[in-house]
Amino acid sequence: MSDEEIASPLVMSILQALISAVPTIGRWISKGIEDDDSPLAEQVREILPEEGASANAVRILEGRNPP
Amino acid sequence: MRLAIYLLTCALVGCGASASRAQARGAVLVTAEAVRLGDKACADVALEKNDLPLARACETAYEIARASVLTAAASVDAWDEGKKGDVACAIKRAGDELSKTVSELRARQASIPKLIEDAIALAASTGKCP
């Protein structure tokens, strides 16, 4: 068996492993950016949406007790 | 995690100039989480007790606290060591609104999560507000 015949399946399996790992690597990269580089104001907007739970409660309670 | 380690190190051995930004960042995130938690607790009590005035009071407090936390966060993003008082003032305003929510909840015998009490204490001690 020549060197080329031995190397070819090895190269193919490495390539397949790399291709199958692309989504995972992509998630690591995007998670890293999200954790370290997103502006603090953006993080706060995610924690505190424009309409809070009490605003929602006001709507529900106004529906229960119409004026 | 890195932020927690940094703040712990800072508390134990003291910090340099950049530590004040790290402390401000931590205070902003803790305050934001406390505002969210307080708003949720308030909504739960208001719905359970059919208490529209409580829900309205908490809605107003949430809006003001949210705006203040966002102002503080924007100041941290555009960090200027000379203007760190702006962050302290914004955090204090959010803490004041959170205190109003807590007062409303206490008046209705609702329990207050420790995170909220700690965030109010932290907001009151976050640097000097000029």
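So that the names make sense, note that chain A is the first sequence line, chain B the second, and so on, each numbered from 1.
Here Asp77(B) is the residue among Val76(B), Thr101(B), Asp77(B) with the most heavy-atom pairs under 4.5 Å with chain A. Contact count versus chain A (heavy atoms, under 4.5 Å) is highest, among Asp44(B), Val28(B), Asn50(B), for Asn50(B). Of the listed residues (Val44(A), Asn56(A), Leu48(A), Val58(A)), the one with the most heavy-atom contacts under 4.5 Å to chain B is Leu48(A).
Looking at Glu50(A), both its backbone and its side chain come within 4.5 Å of chain B, counting heavy atoms on both sides. For chain B, the nearby part of Ile60(A) is the side chain; its heavy atoms alone come within less than 4.5 Å.
Contact record, Val87(B) with Trp79(B): CG2-CZ3, 4.0 Å, taken as the closest heavy-atom pair.
Annotation: side chain of Glu62(A) is in contact with side chain of Arg56(B) (closest heavy-atom distance under 4.5 Å).
A donor-acceptor pair is defined here as one N or O able to donate and one able to accept, closer than 3.5 Å; such a pair exists between the side chain of Arg64(A) and the backbone of Leu47(B).
The pair Arg108(B)-Glu104(B) meets the salt-bridge criterion, since a charged nitrogen lies less than 4.0 angstrom from a carboxylate oxygen. Comment: Lys40(B) does not engage Glu33(B) in a salt bridge, judged by the lack of any side-chain N to carboxylate O separation of less than 4.0 angstrom.
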